[in-house]
2 protein chains.
Amino acid sequence: MDAYGDPGLGLLGDPTRRAIFELLARQPCSVGELATRLPISRPAVSQHLRVLKDGGLVVSRAEGTRRVHQLNPDGVTALRAYLDRVWEDALTAFQKAADNAGSEQEKQ
Amino acid sequence: MDAYGDPGLGLLGDPTRRAIFELLARQPCSVGELATRLPISRPAVSQHLRVLKDGGLVVSRAEGTRRVHQLNPDGVTALRAYLDRVWEDALTAFQKAADNAGSEQEKQ
DNA sequence: CGACTCCGTAAGTCTAAGCTTACCGTTCGT
DNA sequence: ACGAACGGTAAGCTTAGACTTACGGAGTCG
């Protein structure tokens, strides 16, 4: 399975992780600041960020003792590309189904 | 959280469910046929389809005793729209960051 | 009607993973 | 150098949910 490869879609399955993803879309953020905006502890945020980073959706830079995290443009692009591939396949499938329906009708 | 609303992204967190999603993109399919193509039992497929249907990603029609399932165009469109919104926010955030960096440099 | 096929649901099990507390390393200010 | 702030990691608990087996309902053909 996973004929299209997984561009990180699975990482956004968890609502909390998706919330972090969305917060980082609005503005780059430190771990502690994310923790204050979310109903989870700081280590939990840190763990989510690690997953997002491993998945290529987030990049981070050191800034003093803080670590500023932000979305990885390439990651979001990969997500969109995945959906576009699926979408294209679905479109051709729809087209094929419509053609078959047409020829079936012509038979009668 | 979920400031953007959830267009069904959470549903694709599970790899197996994502595999079903991708198979349905290539061609409409019955429950039993999906089960043969996947390493899980037929009831498991049925349960995944129920979730996908409730989430608006899949629609199904009866065809004899079979139930043919296929992707819901509106659902995929909603997914793309979600990513586009996030993407747009991220772009403006990038732009703002670049502007700040520029003004910071001018100060020195 | 009766047998067969296809499918959805219920109940129960079990594993993945998300969260917390506790601890330690790193960086900066004084 | 010492203390404080910020953050990553380990260990452990606990729950969500993915899966299976068993069963019942709906449609189809003889």
Side-chain angles (χ1 to χ4, degrees), chain A residues 1-3 6-24 27-72 97 104, chain B residues 1-3 6-24 27-72 97 104:
Chain A
M1 31 183 182
D2 256 331
D6 182 0
L9 242 185
L11 309 183
L12 299 180
D14 179 62
T16 303
R17 195 145 54 213
R18 196 167 53 248
I20 293 178
F21 179 74
E22 295 174 3
L23 285 175
L24 291 183
Q27 62 168 331
C29 218
S30 70
V31 178
E33 196 172 350
L34 286 172
T36 63
R37 299 188 197 280
L38 293 169
I40 59 174
S41 68
R42 185 188 50 71
V45 172
S46 189
Q47 290 161 12
H48 279 304
L49 284 174
R50 191 234 263 272
V51 174
L52 290 171
K53 225 163 100 177
D54 289 348
L57 291 181
V58 162
V59 292
S60 53
R61 62 177 189 278
E63 192 168 286
T65 71
R66 304 196 323 153
R67 299 290 182 88
V68 180
H69 301 264
Q70 65 178 22
L71 288 200
N72 182 5
E104 287 298 322
Chain B
M1 32 183 180
D2 257 330
D6 183 358
L9 242 186
L11 309 182
L12 299 180
D14 179 62
T16 302
R17 196 145 54 212
R18 197 166 53 248
I20 293 178
F21 179 73
E22 296 174 3
L23 284 175
L24 291 183
Q27 62 167 329
C29 218
S30 71
V31 178
E33 196 171 351
L34 285 172
T36 63
R37 298 189 197 279
L38 294 169
I40 59 174
S41 68
R42 186 190 50 71
V45 172
S46 189
Q47 289 162 13
H48 280 303
L49 284 174
R50 191 233 263 272
V51 174
L52 290 171
K53 224 164 99 178
D54 289 348
L57 291 182
V58 163
V59 293
S60 53
R61 63 178 188 277
E63 193 169 286
T65 71
R66 305 194 323 153
R67 298 292 182 88
V68 180
H69 301 263
Q70 65 178 21
L71 288 199
N72 181 7
E104 287 298 323

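Every chain is numbered from 1, with letters handed out A, B, ... down the list of sequences. These numbers come from the heavy atoms of this one structure, side chains and all, not from hydrogens, waters or symmetry mates.
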What closest approach, in Å, do B:Leu38 and B:Ala19 show between heavy atoms, and which atom pair accounts for it? CD2-CB, 4.1 Å

Are the side chains of B:Val59 and B:His69 in touch, meaning some heavy atoms are under 4.5 Å apart? no

Sub-4.0 Å heavy-atom contacts from residues 48-68 of chain B onto DNA chain D, ordered by number: B:His48, B:Gly64, B:Thr65

Rounded to the Å, how far apart are A:Ile20 CD1 and C:dG18 C1'? 11 Å

Non-hydrogen side-chain atoms of A:Leu11 and A:Asp54 separated by less than 4.5 Å: no

Any side-chain N or O of B:Thr16 less than 4.0 Å from the OP1 or OP2 oxygen of D:dC19? yes

Check the phosphate of C:dT9 against B:Ser46, side-chain N and O only, distance under 4.0 Å to OP1 or OP2. Yes or no? no

Which of these nucleotides, C:dG8, D:dG7, D:dT21, is closest to any side-chain atom of B:Val31? C:dG8

Does the base of D:dG17 carry an N or O that pairs as donor and acceptor with the side chain of B:Arg17 under 3.5 Å? no

Rounded to whole angstroms, how far apart are CG on A:Leu12 and P on C:dG18? 12 Å

Rounded to whole Å, how long is the line connecting atom CG of A:Leu38 with atom C1' of C:dT20? 15 Å

When the distance from CZ of A:Arg18 to C1' of C:dG18 is rounded to whole Å, what number comes out? 14 Å

Separation of atom CD1 in B:Ile40 from atom P in D:dA18, rounded to whole Å: 10 Å

Go through the steps to decide whether B:Glu63 and B:Arg67 satisfy the test salt bridge (charged side-chain N to carboxylate O under 4.0 Å, His left out), and finish with yes or no. CA-CA 6 Å; B:Glu63 193 169 286; B:Arg67 298 292 182 88; over 6 Å; no

Measure NE2/A:His69 against C1'/D:dG7 and give the value in whole Å, please. 8 Å

Do B:Gln70 and B:Arg61 come close enough that some side-chain heavy atom pair is under 4.5 Å? yes

Nearest-Å distance for atom pair CZ/C1', residues A:Arg42 and D:dG7: 5 Å

Would you say a side-chain N or O of B:Ser30 is under 4.0 Å from OP1 or OP2 of C:dC6? no

Just the rounded figure in Å: distance from C1' of D:dA16 to CD of B:Gln47. 14 Å

Would a 4.5 Å heavy-atom cut-off, applied to side chains only, mark B:Leu49 and B:Leu34 as touching? yes

